[in-house]
Amino acid sequence: MPVEFLGIAATADGTETSARTTAAFDREYTLRLARAHEDHGWDRVLFAYGSGAPDPAPAAAFIASRLDSLQLLLAHRPNVSYPTFAAKTFATLDRISEGRLTVHFITGGSDHEQQREGDFLTKDERYARTREYIGIVKKAWTSREPFDHEGAHYRFNDFVSDVFPVQEPRPGVSFGGSSEAAYAAGGAEADVYCLWGEPLARTAEQIGRVKEAARAAGRSDVPRIQVAFRPIIAPTEELAWEKAHRTVEAIRARREGGEPLRRGRPADARPENTGSQRLVEIAEAGERYDRALWTPTAAATGGAGNSNALVGTPETVAQALLDYYDLGVDILSARGYHLVDDAIDFGRHVIPIVREEVAKRDAARAAAEADRSARAERDRHQLIAVQA
């Protein structure tokens, strides 16, 4: 199966290791970073969402109007707009981008962050709302006839949109989470299920849970799996590890200074969401896992978001990513700590290795399948000849 690479579409230059020097939305920086991804082999970029951050939808439209091939993953929280309105926004953006949009629905893992924009539902209630919301958006994207809806969270009559996506039958739906409620909602509705980078065994366990949830929802297919990492690469292993330790020192220095490392989350906040709790638990159990997974970056941020690193030379990191591909992961999300430079380096030195190895694996699988089919056909003809 093909492999895809997802980067980040930040609108400013701050990261966990360095304070922002640009405006919250800097046109030149936003375009420069997106172009670095398009020019260096990435497939799509994520426009993230934060309660006080620039609106990702017009930022995505800005990039779509200036770049030709980069695909867009737009993060959206259901609490900030009505689903019929959101469906029209997404359809319009899919038109602007000529069919390059996927929407990532965020249920919200922090009560404090959700309440900043008036959302006081419990976490499980938020997941139920998200599932209902996605269903409405999908129907608004595809229904040419007016329809009514009466659910636990939304009610309306006689809605039909006048703007439809370019993509048929609709844009993709992306979703993430590591709780039981998340598996149920995403397993039922998602085309892509997003996980944070964990050790291989735990990732395999989560993939199994997603597949079980999809089957329980009555699906005949299963979501594609995406896994996210923070790669730290250098020409030699020694230099990569030196860089990794400098990175953690910079994160710790900012956190000890009381600076928020992530929009909407205080520096000393304990994670409420299951995904971050899992990252903290993994970090407490050990620093290094498998080929290249390193947890001190997650520990230093308190498990804030995508924060486990892959450390090593480009070849080492590429092979580590291929280990996840062999588990069934075909969308690899990566984001460095110096966004533009790291996007360029990863695109130049890691992506080509992974794509080449995936092509070899896929060719070998295709050849093996063709050989099995040929043997089965020969056996069938031999059986017919014997019976005759």
Answer yes if [X] and [Y] sit in the same cluster of Ile, Leu, Val, Met, Phe, Trp and Tyr residues linked by side chain heavy atoms under 4.5 Å apart, and no otherwise.
X: Ile353; Y: Val317; value: no
X: Ile8; Y: Val227; value: no
X: Leu46; Y: Ile351; value: no
X: Val166; Y: Leu70; value: no
X: Val103; Y: Val192; value: no

Could you grab the distance from atom [atom1] of [X] to atom [atom2] of [Y], nearest 0.5 Å is fine?
X: Tyr82; Y: Phe159; atom1: OH; atom2: CZ; result: 10.5 Å
X: Ile136; Y: Lys139; atom1: CD1; atom2: NZ; result: 9.5 Å
X: Leu327; Y: Leu322; atom1: CG; atom2: CG; result: 11.5 Å
X: Arg116; Y: Asp111; atom1: CZ; atom2: CG; result: 12.5 Å
X: Cys194; Y: Ile225; atom1: SG; atom2: CD1; result: 8.5 Å

Shortest non-hydrogen separation from [X] to [Y] and the atoms involved:
X: Ala217; Y: Arg131; answer: CB-NH2, 4.4 Å
X: Ile106; Y: Ala75; answer: CD1-CB, 3.6 Å
X: Ala299; Y: Ala283; answer: CB-CB, 3.9 Å
X: Val340; Y: Ala36; answer: CG1-CB, 4.3 Å
X: Thr142; Y: Pro169; answer: CG2-O, 3.3 Å
X: Thr316; Y: Val311; answer: CG2-O, 4.0 Å

Classify the side-chain pair [X]/[Y] by whether it contains a donor and acceptor separated by less than 3.5 Å.
X: Glu16; Y: Thr301; answer: no
X: Glu38; Y: Ser69; answer: yes
X: Tyr289; Y: Glu198; answer: no
X: Thr107; Y: Thr130; answer: yes
X: Asn79; Y: Glu117; answer: no
X: Thr89; Y: Thr92; answer: no
X: Gln71; Y: Arg44; answer: yes
X: Thr274; Y: Gln277; answer: no

Is there a side-chain contact between [X] and [Y] (heavy atoms, below 4.5 Å)?
X: Phe229; Y: Thr297; answer: no
X: Asn308; Y: Trp294; answer: no
X: Val354; Y: Val358; answer: yes
X: Ser81; Y: Tyr133; answer: yes
X: Arg27; Y: Leu31; answer: no
X: Leu101; Y: Pro165; answer: no
X: Ile232; Y: Leu310; answer: no
X: Leu321; Y: Val350; answer: yes

Heavy-atom donor-acceptor pair, [X] side chain to [Y] backbone, under 3.5 Å:
X: Arg291; Y: Asp323; result: no
X: Thr11; Y: Asp26; result: no
X: Lys123; Y: Gly109; result: no

Does the pair [X]/[Y] count as a salt bridge with the N-to-O cut at 4.0 Å?
X: Asp191; Y: Arg170; result: yes
X: Arg129; Y: Asp119; result: yes
X: Asp68; Y: Arg100; result: no
X: Asp39; Y: Arg32; result: no
X: Glu281; Y: Arg202; result: yes
X: Glu212; Y: Arg215; result: no
X: Asp326; Y: Arg361; result: yes
X: Lys360; Y: Glu356; result: yes
X: Asp13; Y: Arg20; result: no

Inset, instruction - Using the six-membered ring of Tyr193, assess whether NZ or CZ of Arg224 lies under 6.0 Å from its centre and within 45 degrees of the ring axis. - result: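 So Arg224 doesn't make the cation-pi contact.
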Inset, instruction - Report yes or no: is the cationic atom of Arg335 (NZ for Lys, CZ for Arg) closer than 6.0 Å to the six-membered ring centre of Phe346, at no more than 45° off its axis? - result: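 Here Arg335 fails the 6.0 Å and 45° test against Phe346.
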Inset, instruction - Please lay out, stage by stage, how Tyr49 and Val80 fare under the test side-chain contact (heavy atoms from CB on, under 4.5 Å). - result: CA-CA 11 Å; Tyr49 189 92; Val80 300; 3.2 Å; yes
Legend entry - Pair Tyr154 + His149: ring centers closer than 6.0 Å: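 No.
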Inset, instruction - Please test Glu249 against Arg246 for salt bridge (Lys or Arg N to Asp or Glu O under 4.0 Å), starting from the C-alpha separation and ending with a verdict. - result: CA-CA 5 Å; Glu249 288 171 4; Arg246 288 197 306 271; over 6 Å; no
Inset, instruction - Go through the steps to decide whether Leu73 and Val45 satisfy the test side-chain contact (heavy atoms from CB on, under 4.5 Å), and finish with yes or no. - result: CA-CA 6 Å; Leu73 179 59; Val45 288; over 6 Å; no
Crowding at [atom1], [X] (>12 non-hydrogen neighbours, <6.0 Å):
X: Lys138; atom1: NZ; result: yes
X: Arg155; atom1: CZ; result: no
X: His245; atom1: NE2; result: yes
X: Phe85; atom1: CZ; result: no
X: Glu315; atom1: CD; result: yes
X: Glu377; atom1: CD; result: yes

Inset, instruction - Determine, step by step, whether Phe147 and Val160 satisfy the side-chain contact (heavy atoms from CB on, under 4.5 Å) criterion, reporting the C-alpha distance in whole Å, the side-chain angles of both residues, the deciding distance to 0.1 Å, and the verdict. - result: CA-CA 7 Å; Phe147 65 97; Val160 64; 5.8 Å; no
Legend entry - Verdict with reasoning, Tyr183 to Gln206, per side-chain contact (heavy atoms from CB on, under 4.5 Å): CA-CA 9 Å; Tyr183 295 140; Gln206 289 215 78; 2.6 Å; yes
Inset, instruction - Could you walk me through whether His76 and Phe47 pass ring-ring contact (aromatic ring centres under 6.0 Å, His included), step by step? - result: CA-CA 9 Å; His76 179 76; Phe47 293 81; over 10 Å; no
